[in-house]
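Data block below; observations after.
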Amino acid sequence: MCVFMAKTTSTNFFSFMPNRNTTQDSIKFQNGFFLSGPVKAFSLSASQLQCYYASIPISVPLTKYKDYEFISLDEKICEFCEKGNLKKAMEFLLMPENPQVASSTYCSVLQLCAELKSLEDGQKVHSIIRSSGVSIDGVLGSKLVFMYVTCGNLREGRLVFDKIANEKTFLWNLMINGYAKIGDFKESVLIFEKMLRSGIEVNSHTFSCVLKCFAALGSIKDGEWVHGYLLKLGFNSYNAVNNSLISFYFKIREVQSAHKLFDDLTDRDVISWNSMISGYVASGLCEKGLELLIEMLKSGADTDLATIICALAGCANCGDVSLGRALHAFAIKARFDRNAIFSNTVMDMYSKCRDLNGAIQVFAKMADKSVVSWTALIAGYVREGLADKAIGMFHEMERGGVVPDTFAITAILHACACNGSLESGKHIHNYIRENDMQSNIFVCNALMDMYAKCGSMEDAKSVFLEMPVKDIVSWNTMIGGYSKNGLPNEALSLFVTMIKELEPDGRTMACVLPACASLAALDKGKEIHGYILRNGCLYDQHVTNALVDMYAKCGMLVLARFLFDMIPTKDLVSWTVMIAGYGMHGLGNEAISAFNGMRHAGLMPDEVCFISILYACSHSGLINEGWMFFNLMQNECNIKPQLEHYACVVDLLSRTGKLSMAYKFIQKMPIEPDATIWGSLLCGCRIHHDVKLAEKVAEHVFELEPENTGYYVLLANIYAEAEKWEQVKKMREKIGTRGLKKNPGCSWIEAKGKVHIFVAADHSHPQTNNIEALVNKYRSKMKKEGYRPKLRYALINADEMEKEMALCGHSEKLAMAFGILNLPPGQTIRVTKNLRVCGDCHEMAKFMSSKTKREIVLRDSNRFHHFKDGICSCRGFW
DNA sequence: TTGTAAGCTG
């Protein structure tokens, strides 16, 4: 059936004038004719025209009507398509009772749908085709697939693709590329394999795309096979293929192979250069990438926007702000600066080069600020430690109608983590739930990190357990979170679970070693050290520093020093860890020479380093040196002392018996002293038995931390040691009414890969009879040799016998006795206690070391005590 | 059809 349409011209009878005072664009007549083009309202009304055209018979040959040209519906639709007017084309196609149009017309409309990315219209066309009964041949099917894939409905496209069995390489490439674009590289590869099996011809596009897929999948062998295959077919003469190969080798970390390909390229195009620069930058070899940029510019090769963007990313990652600025200027001249991706990149460059103001300036000038722009700036604020400002920016972004995506959410979670804002973090968690972002691994990792940094490991754990897929970052975050939140046992047990599932990396080691350190779990630490040696993480400075710290905290100072000496370029953390190690072992002078060594190496101590050296001085009673460092910190290094530094000085004065000086020092502090500061003095009062000052100091402590059990117990101990039993009783009552519980003393020791834990007066250990018998044996021996037990440490107002019994039950004694009974002769006995060692136990440890001729290393909550031949390394400073 | 921006673990 043929349908005619009147084609309007400016010279025709009705003087149809386009674009002037028109009422409607076209009219359908009852006989199936169309009058198209704008109808001039003043010349004839629509109904008049309709009447006129209604009289024209269908069978009249076209030539009879000189002034009118009649065209088919197909042609009309195609004409609209050519003009890009999809709306009109669809209108004609969808008119009710329309005659069937040609397959090629459907193709034209589908092409336009694809170009305009109108899935909705495309689907309508597909349904018309279905209902019209037109057979979907290879050509029409291809167009349908093209439309669906271009419009992002890969599933529908695939259904058509599978039905039509097309042999066109283009269509196969389209499908492979379609899946690659949505990240389903596995499906891309499956189609590629099917393509090879079916004998479909492959071309350079196929190789380009497939190489990208194998790179993304990390399928090194398959990618290399493709390389061989394309060489066989001679596709290595195509630049695009070589460029893809370069990218592939960069992605599989074969940097040299990539460079070799580039070297062999005779005709390098801009993409070859860009691929090299971007490859180096993405591999973390930014300097090399920037060198290539310079080489590229010198060679006179063309540069484009992508060149600048890749190079700016390189500047950002290696902090080269001057080159970044030069590129920025160059880009402005080249008029690249109106491009959104460019602006975002340049802004990120300034932000990562610590020039936040530069970033803010670019941001302010940006015409359309996308979520990417906001995220880059928010991350910049967080990097500068301005987490509050970052959170403010986030709200401003939301108010401006910009919807946060997973990147923005991750950045803002990081801000909450740095700020410790659990409340804001929980709000973000709600947003994540409401917007179904829980499946994003970055979001979940950042969420766990936020909870861990805000101290809520329970929340972190529930996120971790609910994660559908966990990566190494997830595990590291949880293990590190447990370590830092005082849950070392949880950290270690999670580490054990982890290594059954995936291979740990250097960061895992740096996360788990502090857990070993805090438990003094030497055997476990050594095991992890072995793991590190086998897996080659020893070249990671963080790992070596953590190992030094672990060995120092597990009492193996010699080993710590040995590893420390092996670090080729020691950083500030390496030195700080070593200084702290010497400090906790009471080796103040060694700590000082390490400090001097560090300065000699040209490193500037930071506030943490000063805490270590002040701590070391205080634990060795080096009062003059301590003062010297306290002044050095302020005068030479311009570091304002924080609470921790004041606490060390107070500790130093208190331990050395300068109690009133300490008291005055606290009163003169420019910052408000906290309970720890007063607590240090209270400890000093206990060591030097100053009950009067203790009462004065305790008032401050109780006011600042009324809920802290430790301080009530401490004052009770001070009273008990002075045998002021009435006051002890009052303190106990005070503790009782407040519902406070004394933290039970507990000691542990490792033997044959097992940790044995002892609690004071606990008889549940299987060897309890032997252990208690041994303790009593030593007690009698000590008495015979004229030793009087330090009864005041028993803290019980009872008769002498009972006090003695209570002393015998102290956990550290039980652990030491267990060590003597179970560890081979000559092996050092290493005991760890959660509280400070008691004076009586300290005496017995000396005695035991002398009688058994073996070393005892006792780590309490404060420091190490090395007992050898009846002498302790602490020399009374504890 | 290859190269192009922001986010997580010590």
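Residue numbers start from 1 in every chain, and the chains themselves are labelled A, B, ... in the order their sequence lines are given, proteins ahead of strands. Computed over heavy atoms, backbone and side chain alike; hydrogens, waters and symmetry mates excluded.
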Does [X] make a side-chain N or O approach to OP1 or OP2 of [N] shorter than 4.0 Å?
X         : N       : value
His414(A) : dC8(B)  : yes
Arg268(A) : dT2(B)  : no
Lys251(A) : dG3(B)  : yes
Lys484(A) : dG10(B) : yes
His542(A) : dT9(B)  : no
Lys212(A) : dG3(B)  : yes
Lys369(A) : dA6(B)  : no

Taking only residues at least two apart or on different chains, which pairs with a member in [range] satisfy salt bridge (charged side-chain N to carboxylate O under 4.0 Å, His left out)?
range                       : value
residues 429-448 of chain A : none
residues 463-486 of chain A : none
residues 437-458 of chain A : Asp449(A)-Lys453(A)
residues 359-388 of chain A : Arg354(A)-Glu384(A)

Nearest-angstrom distance from the residue atom [atom1] of [X] to [atom2] of [N]:
X         : N       : atom1 : atom2 : answer
Ile528(A) : dG10(B) : CD1   : P     : 17 Å
Leu413(A) : dC8(B)  : CG    : P     : 10 Å
Phe394(A) : dG7(B)  : CZ    : C1'   : 12 Å
Ile378(A) : dA5(B)  : CD1   : P     : 19 Å
Phe248(A) : dT2(B)  : CZ    : P     : 16 Å
Leu261(A) : dG3(B)  : CG    : P     : 14 Å
Met450(A) : dG7(B)  : CE    : P     : 19 Å
Asn440(A) : dT9(B)  : CG    : C1'   : 15 Å

**OP:** Select base, sugar-phosphate, or nothing to describe what Thr406(A) touches, counting heavy atoms under 4.0 Å on all strands.
**Re:** base
Original post:
So what does Asn203(A) hit on the nucleic acid, given a heavy-atom distance under 4.0 Å: a base, only sugar-phosphate, or nothing?
Top reply: nothing
Let's see if you can work this out: which of [options] has an atom nearest to the side-chain heavy atoms of [X]?
X         : options                 : answer
Arg507(A) : dT4(B), dT9(B), dA6(B)  : dT9(B)
Asn274(A) : dG10(B), dG7(B), dG3(B) : dG3(B)
Phe407(A) : dA6(B), dT9(B), dA5(B)  : dA6(B)
Thr410(A) : dT2(B), dG7(B), dG3(B)  : dG7(B)
Leu305(A) : dT4(B), dG10(B), dG3(B) : dT4(B)
Thr477(A) : dT2(B), dT9(B), dG7(B)  : dT9(B)
Val543(A) : dA6(B), dT2(B), dG10(B) : dG10(B)
Ala306(A) : dT4(B), dG7(B), dT9(B)  : dT4(B)
Ile271(A) : dG10(B), dT2(B), dG7(B) : dT2(B)

Original post:
Does Lys212(A) make a cation-pi contact with Phe185(A), if we ask for NZ or CZ under 6.0 Å from the ring centre and within 45° of the axis?
Top reply: no
Enumerate the residues from [range] whose closest heavy atom to DNA chain B is under 4.0 Å, giving them by residue number; use none for an empty result.
range                       : answer
residues 324-346 of chain A : Ile341(A), Asn344(A), Thr345(A)
residues 281-293 of chain A : none
residues 456-475 of chain A : Val473(A)

Subject >> ring-ring contact (aromatic ring centres under 6.0 Å, His included) partner of Trp172(A), the single match among Phe192(A), Phe161(A), Tyr179(A) >> reply: Phe161(A)
Residues in salt bridge (charged side-chain N to carboxylate O under 4.0 Å, His left out) contact with [X], at least two apart in sequence or another chain:
X         : answer
Arg325(A) : Asp355(A)
Glu396(A) : none
Asp459(A) : Lys426(A)
Asp540(A) : none

Original post:
Residues in side chain to side chain contact (heavy atoms under 4.5 Å, CB included) with Ser283(A), at least two apart?
Top reply: Phe250(A), Arg253(A), Val255(A), Leu285(A)
Original post:
Got Met498(A) and Asn476(A) here, is their nearest side-chain heavy-atom distance under 4.5 Å?
Top reply: yes
Original post:
Going by modelled atom types, is there a donor-acceptor pair between the base of dG10(B) and the side chain of Asp540(A) at under 3.5 Å?
Top reply: yes
**OP:** For the residue pair Asp269(A) and Asn243(A), confirm or rule out a side-chain donor-acceptor distance under 3.5 Å.
**Re:** yes
Original post:
Is there a donor-acceptor pair under 3.5 Å between the side chain of Thr477(A) and the backbone N or O of Met448(A)?
Top reply: no
